[in-house]
Structures are given as structure tokens and as C-alpha cells.
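What follows is a set of notes on a single structure, which appears directly below.
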Amino acid sequence: MIPFGSQRGNGADLARHLSNSVDNESVEIADLRGCIADDLAGAFAEWEVQASSLTRSKNYIYSLSINPDERQGRWERGLYFDFIDRVEGVFGVAGQPRAVVFHTKADGAGHVREHCHVAWALTDAAAQKAIHISHDKYKLMDETRRFAADHDLKLPDGYYDRTKNWSQHSQADAAQRQEDGLSPEERRAVITDMWHTSDGARAFVSGLADQGYILATGRRPYVLVDGYGGTFALPRMIEDKQVRAKDIQAFLKQDFPPESLPSVEEALHLASAAIEDLTQETTLDDEREIMLQAQQELRKALQAKLEALKAEQARRDAQLHEQRRSDSDALDQRQSAENRLVEEMRAQRTPTGLAGFLAKVSGVSFVRAKLHAYEDKRRDAQHEQEHVLQAERDAQKQADQQALHDLERAALDRERRALEANFVREEQALQRQEKKHGAMRSRDGCDHMPPVPPPKPVQRRGDMFGKIADPRITEPDIDLAYDFGKAADPHTQAPSDTSSVPDISIEHDGASRDGKSR
């Protein structure tokens, strides 16, 4: 088991990679915490918003892959989560939002291998700061050693050497391996072996062409280009510390000087065209049918989710409308009851008989009527204000509910876009598989890439006589300006003393240059 981890951004791309069901037999989201969304794209989008609004961090995710050595036994889920919890404690991300995804892949023999991916959010929302993990590679190596010791697992021999700088594949290496199926170690091993076993520059370059590489020149001389878009500096591809860049240049420059080689752009075009010519047309119809069926099922599920959301939002709207009507009726009833109570109290207090007559005569009734009118006007204004406040409350509830509906629809639309983007990634993955399958068929199942045409070596003097040019062989100093006593240049006078010219004859089919048999 060798875990690989890195801090990174671009959560949308990571979500598409982790959700790709074409490159994986199965994809299972085993744990998703600290987020509102229930899918990877939504979760990583939330983490990105937190990072951009609370911090200035661009690498807001720590991604970890765990690949157990199944020759030592298949891991149970508890073993995975034990290691994940240990890493959380060492990195200081315990309790942070995280996603745990399990993938299964099948090899050519049908064996299914399981591995795990973990992603943590590196934004502490409570403290409003980014979490920085220093020396993460060394911490991860130390914790892996302790974990292996506790569970009786064996690690590669080099992993126990704390002085070893254990290399991790970059995202560029992973992308390149998806294209041509070769790891950086495999590529360097093939090129290094070819360097040590080739008996000359031409044999070396021809061997590179057989393995699918074109020798080109870029900002620096001697770059290898393959038909899958990969470019590799040749000195870095030879794993021999005794071999320097100047040694490679000295070995190649006589037959393949940099100025005679194609540029990287030209080599990419040549290599790609060569692979397209050699690659047989092939389609993975069964895999495509399975992929399209799975995509259709996901679209149906998303459409069902949309219909359910529409129904739920319509129910909420109807419920809110009913609540508003009920609140309005209750307010009207309360105000009407208040008005009736006032009228009843006034009727009870109104004098009758002689007292009523005296009240009219004395003007008390007039004053009382004016007072009642004032009270009614003030009460009506209060009732109107209550209606205004009720309308404002209803409008706020409506706005809040509409905002919630918009967010729900936006989240679903975001999920749809993420799903379609993942479908594009799956289509690209299937096309890569078809391209590889066609290339493998054209090479009778060989693992290396299809061959490409090698660059032509510079024609030198020794080649004109049918000899193989070897930079280690010194050619005789022959002046080719003259051809058997005749000047090659019409403006150059031939020497008068032709006897000084050596008598050279070249045999061809049993006859000399003058036609006489020998």
C-alpha cells in the first residue's frame, strides 16, 4: 500500500474524476459530511465558496488515494476508515467536511480491485482561515509505516527508508497514463534499456520509433514526442546518473543534429497521424450501451427529482396562499369583533329617557358623538396599519419561499450540469479505451504504443558509399569537390595534371566504371 496525497483546487474536475463510471466498474460515495449537497460536485462547490469568501486559498481540497496491496488480503471498510481517521489526526483535519469514495476496477483477467479516494475541505469556517498542511508527504509516510506495523501489512522495501524521497505521480502523469497506458516508471525503464542496448545513434532512434516516440527539438534539443500528445525531455527519461545531457547530445548530434529534427508541433502532428493510420477502427459497443443506459437511468432519476421538486414547491405555494388567506380572515374577524364590542359598550353607556333628553339639550350627546367619531377614526387607522403589516409579513414569507425555491432549482440545475459534464468525461474515457483497443489490435496485443516513422539521419560522406555512419568511426579526408578528375563546379577549372588524381573505379555487377569485366 502506497497512499498518495496532494493539496489541490478545481473541485469540479475532481468531482468528475471521482464520479467517472466508465474508467471504474463501480463508484460508491461511502461518506459525505459537512455539506448541504448530497453529491460530490455540489459538496466541492460549497467548499470552493467557503474558501473564496473566507480565505484567499486556491488549493482548498486535500485529496488522498488509498490503494491496498490485495495480494496481502482484501481490506474491510473498517480498515480503510481506520487509516483515514489516523491521517485526519496527523494532518489536523479531524471534523472537517470530507468525502469518501470507493472505486472498483477490473483488469484484463477479470480481477476486480478496490481502492479509495478521500477529499477534505481545507477551510476552517468557524475560524475563517485556511488549513495549511506542511510536510504532508513525510507525515503520510510515517503514519503509513505505523499503520502497516499495527495491522501486519508489508510495504515496499523502499518505503521503510526515511531518507528516500518517495516520488508521487503528478496529475499530468496520471492524465498521460490515461492516454497511453504507460506509467512514468515503465516509460523510463523502456527508454533506459534501449539506451544501454543500442549500438549506435541510428539504432537508438529507430528503437524509439518502434516504441512510438519521435525524436524532436523544442526549447531544448532532443525531446521525445508520442502520438497521444506526450512530450518528454530525453535526458530525464534515462535513469542513469552517469549519463548527462551533454553525453546524449554528443551521441546524437552527428547523425541527428537538432536543426535537422522536426519541431515538437510537427512531431506531434506526425506521430498522431501515424497512430491514426495504424489504429484499427474499433468500437466498444457493449460498453457504450451500458454507459448510455446508465446515463439514461441517471437522467430519469434527475427528472423524477425535478418533478418531485415541482410538486413539493407547488404544495408549499398552495399552503402559503392558504395560510395568507387564513391570516387575513382571522384579522378581519378580530377587527370586526372589536368593532362590535365597542358598539355594544357604547350602547350600554348611552343614557335614555330624561337623562337622554337632558344630554341632547345640554350638548353632551354632541360632544360624545364627536369623541366616538375620533375613536372610530383612530381605530380604523390602527386596523389599516395592521393590514399593512400583515401584507408585509405575507410578502416577506412569499419572498423567502421563492428564494428557497430558486435555490432548490439552482441546486438541481447545478446537479444536472455536473451530471452532463460527467457524461462528457465518461464519453472521453470510452473514446480513449476505443483508441487504445484499436491500437492494441493493430499491434497484436503488445503493451507498447504503435510505432511511428523515425526521423531521417543526416546523409554524410560515408553513406554515399553504402557504409553505415558511426560517430565513433573517423572517415578518411577525401575531397569530394572533384569527381575523378572533373571539377564538380562548372566555374572551377579542372587541374591540368590529371595524373595526380587517384585511379578510382567502383565495381558494379561485375563490371568496372569503364565497362570492362574484371
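Counting from 1, the numbers follow the sequence of the chain as shown.
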### Query
Taking all non-hydrogen atoms of both residues, which atom of Arg414 and which atom of Ala37 are closest, and how far apart?
NH2-CB, 4.0 Å

#### Entry: Donor-acceptor contact below 3.5 Å, side chain Glu46 vs main chain Ile36
yes

### Message
How close do Asn59 and Gly9 get, counting heavy atoms only, and between which atoms?
### Response
OD1-N, 3.4 Å

### Task
State, with a plain yes or no, whether a side-chain heavy atom of Arg145 is found less than 4.5 Å away from one of Met141.
yes

### Query
Could you go step by step and tell me if Ile248 and Trp195 meet the side-chain contact (heavy atoms from CB on, under 4.5 Å) rule?
CA-CA 10 Å; Ile248 298 174; Trp195 168 265; 3.9 Å; yes

### Query
Is the closest basic N to carboxylate O distance between Arg288 and Glu427 below 4.0 Å?
yes

### Query
Would you call Arg417 and Asp39 a salt bridge, taking side-chain N to carboxylate O under 4.0 Å as the test?
no

### Query
If you round to the nearest 0.5 Å, how far is NZ of Lys154 from CG of Asp69?
10.5 Å

### Query
Closest heavy-atom contact between Tyr222 and Pro257?
OH-CA, 3.9 Å

### Query
Do the non-hydrogen side-chain atoms of Lys305 and Leu309 ever get within less than 4.5 Å of each other?
no

### Task
Give a yes or no on whether Arg315 atom CZ has more than 12 heavy-atom contacts from other residues, nucleotides or ligands under 6.0 Å away.
yes

### His151 atom NE2, neighbour heavy-atom count above 12 within 6.0 Å
yes

### Message
Can you give me the closest heavy-atom contact between Arg187 and Met237, atom names plus distance?
### Response
CD-SD, 3.9 Å

### Task
Could you go through the side-chain hydrogen bond (donor to acceptor under 3.5 Å, both in side chains) check for Gln313 and Asp317 one step at a time?
CA-CA 6 Å; Gln313 290 183 350; Asp317 287 337; over 6 Å; no

### Query
Quick check: are there more than 12 heavy atoms from other residues, nucleotides or ligands sitting under 6.0 Å from NE2 of His135?
no

### Query
Got more than 12 heavy atoms from elsewhere within 6.0 Å of CZ, Arg220?
no

#### Entry: Flag side-chain contact, heavy atom, 4.5 Å: Leu122 against Val93
yes

### Task
Determine, stepwise, if the pair Arg393 / Asp327 fulfils salt bridge (charged side-chain N to carboxylate O under 4.0 Å, His left out).
CA-CA 10 Å; Arg393 287 193 296 269; Asp327 291 343; over 6 Å; no

### Summary
dist Glu259:CD -> Leu261:CG (nearest 0.5 Å) comes out at 8.0 Å

### Task
Kindly indicate, with the supporting measurements, whether the criterion side-chain contact (heavy atoms from CB on, under 4.5 Å) is fulfilled by His117 and Leu40.
CA-CA 12 Å; His117 295 270; Leu40 296 176; over 6 Å; no

### Geometric cation-pi criterion Arg77 and Phe102, 6.0 Å radius, 45° cone
yes

### Task
Compute the ring centroids of Trp75 and Phe147, then answer whether they are less than 6.0 Å apart.
yes

### Query
Under 3.5 Å, side chain of Thr192 to main-chain N/O of Glu239, donor-acceptor pair present?
yes

### Query
Any chance CZ of Arg299 has more than 12 other-residue heavy atoms, nucleotides or ligands included, within less than 6.0 Å?
yes

#### Entry: side-chain hydrogen bond (donor to acceptor under 3.5 Å, both in side chains) between Thr123 and Thr55, worked out
CA-CA 8 Å; Thr123 303; Thr55 71; 4.6 Å; no

### Query
Near Glu297 CD, under 6.0 Å, is it more than 12 heavy atoms from other residues, nucleotides or ligands?
yes

### Summary
Closest non-hydrogen contact found for Leu32 with Ala99 is CD1-CB, 3.6 Å

### Query
What is the ring orientation for Trp120 with Phe91, classed by angle as parallel under 30°, tilted 30 to 60°, or perpendicular over 60°?
perpendicular

### Query
Taking it one step at a time, do Arg316 and Asp400 satisfy salt bridge (charged side-chain N to carboxylate O under 4.0 Å, His left out)?
CA-CA 12 Å; Arg316 292 178 194 163; Asp400 292 342; over 6 Å; no

### Task
Mind running side-chain hydrogen bond (donor to acceptor under 3.5 Å, both in side chains) on Asp406 and Gln402 for me, showing each step along the way?
CA-CA 6 Å; Asp406 291 342; Gln402 185 62 42; 3.1 Å; yes

### Query
Take atom NZ in Lys253; do more than 12 heavy atoms of anything else shown fall under 6.0 Å from it?
no

### Task
In sequence, state the C-alpha distance, the side-chain angles, and the governing distance for Leu215 and Leu224, and then conclude on side-chain contact (heavy atoms from CB on, under 4.5 Å).
CA-CA 5 Å; Leu215 189 63; Leu224 297 183; 3.9 Å; yes

### Query
Yes or no on side-chain hydrogen bond (donor to acceptor under 3.5 Å, both in side chains) for Glu307 and Gln303, after CA distance, side-chain angles and deciding distance?
CA-CA 6 Å; Glu307 296 299 329; Gln303 184 64 29; 2.9 Å; yes

### Query
For the side chain of Tyr60 and the backbone of Gly11, is there at least one donor-acceptor N/O pair under 3.5 Å apart?
yes

### Task
Tell me, with the steps shown, if Glu70 and Glu114 meet side-chain contact (heavy atoms from CB on, under 4.5 Å).
CA-CA 9 Å; Glu70 295 195 351; Glu114 183 181 66; 4.0 Å; yes

### Message
Between Arg409 and Asp413, does any side-chain N to carboxylate O distance fall below 4.0 Å?
### Response
no

### Query
Is the number of heavy atoms from other residues, nucleotides or ligands within 6.0 Å of CZ (Arg56) greater than 12?
no

### Task
Can you see which heavy atom on Ala119 is nearest to which on Ile61, and at what distance?
CB-CG2, 3.9 Å

